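One structure is given below, encoded as C-alpha cells.
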Amino acid sequence: PVAPEEQRFCLQEVLDTFKLCLSENEEVSLEHYVAGWRGLVKFLNSLGSVFGFISKDAVNKIKILVGHLDGENGPKYVTVQSMVKYELASDLVDLTKRGNHPESGCRTLLRLHRALRWLELFLERLRTSSEDSKTSVMCAESYNESLAQHHPWLVRKAAGMAFCVLPGRPAFFEVMNVGPPEQVVAMLGEALPLISEVYQVTETLYAQHNLLDLP
Ligand code: 1PZ
C-alpha cells in the first residue's frame, strides 16, 4: 500500500470537505469552506500554469479569509453567519462603493461564492456529459451562466482563452484521480447536492442581508 502522502491528489477528498461545511443548524463553517477552496486551487494548479491567474486570485481571497480567521476577532469568523452578523454590526463592510474595507470577509467570500456556482454548473455538466463532450465548452457555458456576469470584458476574454486549453473529458477525469469514468460520475452525483446546499444557504443569507452586489 502507498503511504497517504505519496498518493496523488484526489478530487473526491476536496468535494468531501464541502460535506463538513454545513452544521446541523445549517451554518457554514468558514474553516471548512476555506479548506475546500484550497483543495480546488490545488486541483486547478495541477491542470497547468495557464490557470495561474485564476488560482492566484483564489489564493489571495483564501489568504484574506484565513487572516480574519486567525486574527484577533477570529471567533467572530467561525461561521459565515457569524461573520456577516459581526462585520455588518461593526460597520466593516463597504456596502455601495469600495472604500475603507476592501478586504471585508463578506465581499471576499462573495467572490468565492459566485465561483462556487460556476463549479456547481460545471460539475453537473461533467456528470451528465457523454464521452465525446468538450470540457472547454461545458466550462465556458457554466462560466457564462454565472461568474462571467460579474467580470469585466478583459477577464472574460482571458478566462475564455484558458478554457480552450482544458484537457479533454478522459484526461480531465484522469486528473481528478477518482477511478474509472463510472466512478467519477457516481462521485459527482454524491458531491453535487452538498455543494449546492452550501451554495444555497450562503445565497439565502447574503440575499437576506442585501449583500449580493457588494463592490
Ligand atoms: C477547470 C477550469 C477552471 C476554470 C475556472 C473558472 C473561473 C474563471 C474565473 C476567472 C477569474 C480570474 C481572475 C480574477 C478575477 C477577479 O477580478 C474576480 C473578482 O474579484 P475582485 O477583483 O472583485 O476582488 N475574482 C473572482 O471572481 C474569483 C474567481 C475565483 C475562481 C476560482 C476557480 C476555482 C476553480 C476550481 C477548479 C475545479
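Whatever order the structure lists them in is the order used to number ligands and atoms, beginning at 1. These numbers come from the heavy atoms of this one structure, side chains and all, not from hydrogens, waters or symmetry mates. Treat the numbers as computed from the prediction; the structure is a model and nothing was measured.
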message: Test of understanding: given a 4.0 Å heavy-atom threshold, classify the contact between Arg114 and ligand 1 as side chain, backbone, both, or neither.
response: neither

query: Would a line drawn from the ring center of Phe51 to the ring center of Phe43 be shorter than 6.0 Å?
result: no

message: Return the closest protein heavy atom for atom 2 (C) of ligand 1 as residue, atom name and distance.
response: Leu166 CD2, 3.8 Å

statement: atom 3 (C) of ligand 1: closest protein heavy atom, distance to 0.1 Å, is Leu44 CD1, 3.5 Å

- prompt: Leu211 and Cys106: which non-hydrogen atoms are nearest, and at how many Å?
  reply: CD1-SG, 4.3 Å

field: salt_bridge(Glu141, Arg125) N-O dist < 4.0 Å
entry: yes

- prompt: Considering only protein heavy atoms, which is closest to atom 35 (C) of ligand 1, and at what distance to one decimal place?
  reply: Trp118 CZ3, 3.6 Å

query: Any idea which protein heavy atom is nearest atom 31 (C) of ligand 1, and the distance to it?
result: Ile54 CG2, 3.8 Å

Closest approach of any protein heavy atom to atom 19 (C) of ligand 1, naming residue and atom: Arg111 CG, 3.7 Å

- prompt: Tell me: protein heavy atom nearest atom 38 (C) of ligand 1, and distance?
  reply: Phe43 CD2, 3.5 Å

Within reach of ligand 1, part of Val41 (heavy-atom separation under 4.0 Å): neither

message: Heavy-atom contact check, 4.0 Å cutoff: does Lys56 meet ligand 1?
response: no

message: Would you say that Arg127 contacts Leu192 through its side chain, given a criterion of any heavy-atom pair below 4.5 Å between the two side chains?
response: yes

- request: Look up atom 22 (O) of ligand 1 and tell me if a protein heavy atom lies less than 4.0 Å from it?
  value: no

task: Could you state whether Val41 and Leu119 fall into the same hydrophobic cluster, counting links through intermediate Ile, Leu, Val, Met, Phe, Trp or Tyr residues with side-chain heavy atoms under 4.5 angstrom apart?
output: yes

message: Counting non-hydrogen protein atoms only, what is the nearest one to atom 34 (C) of ligand 1? Give residue, atom name and distance.
response: Trp37 CZ3, 3.6 Å

statement: Honestly, for Arg107 the part within reach of ligand 1 (heavy atoms, under 4.0 Å) is side chain

field: Per-atom contacts of ligand 1 with Leu47, taking only distances under 4.0 Å to non-hydrogen atoms
entry: 1 (C)

query: For the ring pair Phe18 and His32, is the centre-to-centre distance below 6.0 Å?
result: no

task: Would you check whether Lys61 reaches within less than 4.0 Å of ligand 1, judged by its heavy atoms?
output: yes

message: Quiz question: by atom type and distance under 3.5 Å, do the side chains of Tyr77 and Glu31 form a donor-acceptor pair?
response: no

field: Test ring pair (Phe, Tyr, Trp, His ring centres under 6.0 Å) applied to Tyr143 and Phe122, Phe163, Trp118, the passing residue
entry: Phe163

- line: the protein heavy atom lying closest to atom 30 (C) of ligand 1 turns out to be Ala115 CB, 3.9 Å

field: Pair Ser129-Arg169, side-chain donor/acceptor within less than 3.5 Å
entry: yes

query: Got Leu20 and Ser29 here, is their nearest side-chain heavy-atom distance under 4.5 Å?
result: no

Leu147 and Arg117, any side-chain heavy atoms less than 4.5 Å apart: no

message: Let me confirm one number: the NE2-CG distance from His209 to Leu88, rounded to the nearest 0.5 Å.
response: 6.0 Å

- prompt: Can you tell if the side chain of Leu15 reaches within under 4.5 Å of the side chain of Leu194, non-hydrogen atoms only?
  reply: no

Ligand-side contact atoms (ligand 1) for residue partner Phe53, heavy atom cut-off under 4.0 Å: 12 (C)

field: Contact partition for Leu147 relative to ligand 1, non-hydrogen atoms under 4.0 Å
entry: side chain

- request: Looking only at distances, please establish whether an N/O atom of ligand 1 is found under 3.5 Å from an N/O atom of Asp57.
  value: yes

message: With respect to Arg98, determine whether any N or O atom, backbone or side chain, lies less than 3.5 Å from an N or O atom of ligand 1.
response: no

query: ligand 1 versus Thr108, non-hydrogen atoms closer than 4.0 Å: side chain, backbone, both, neither?
result: neither

message: For the 3.5 Å polar cut-off, considering only N or O atoms, please tell me whether His151 and ligand 1 meet it.
response: yes

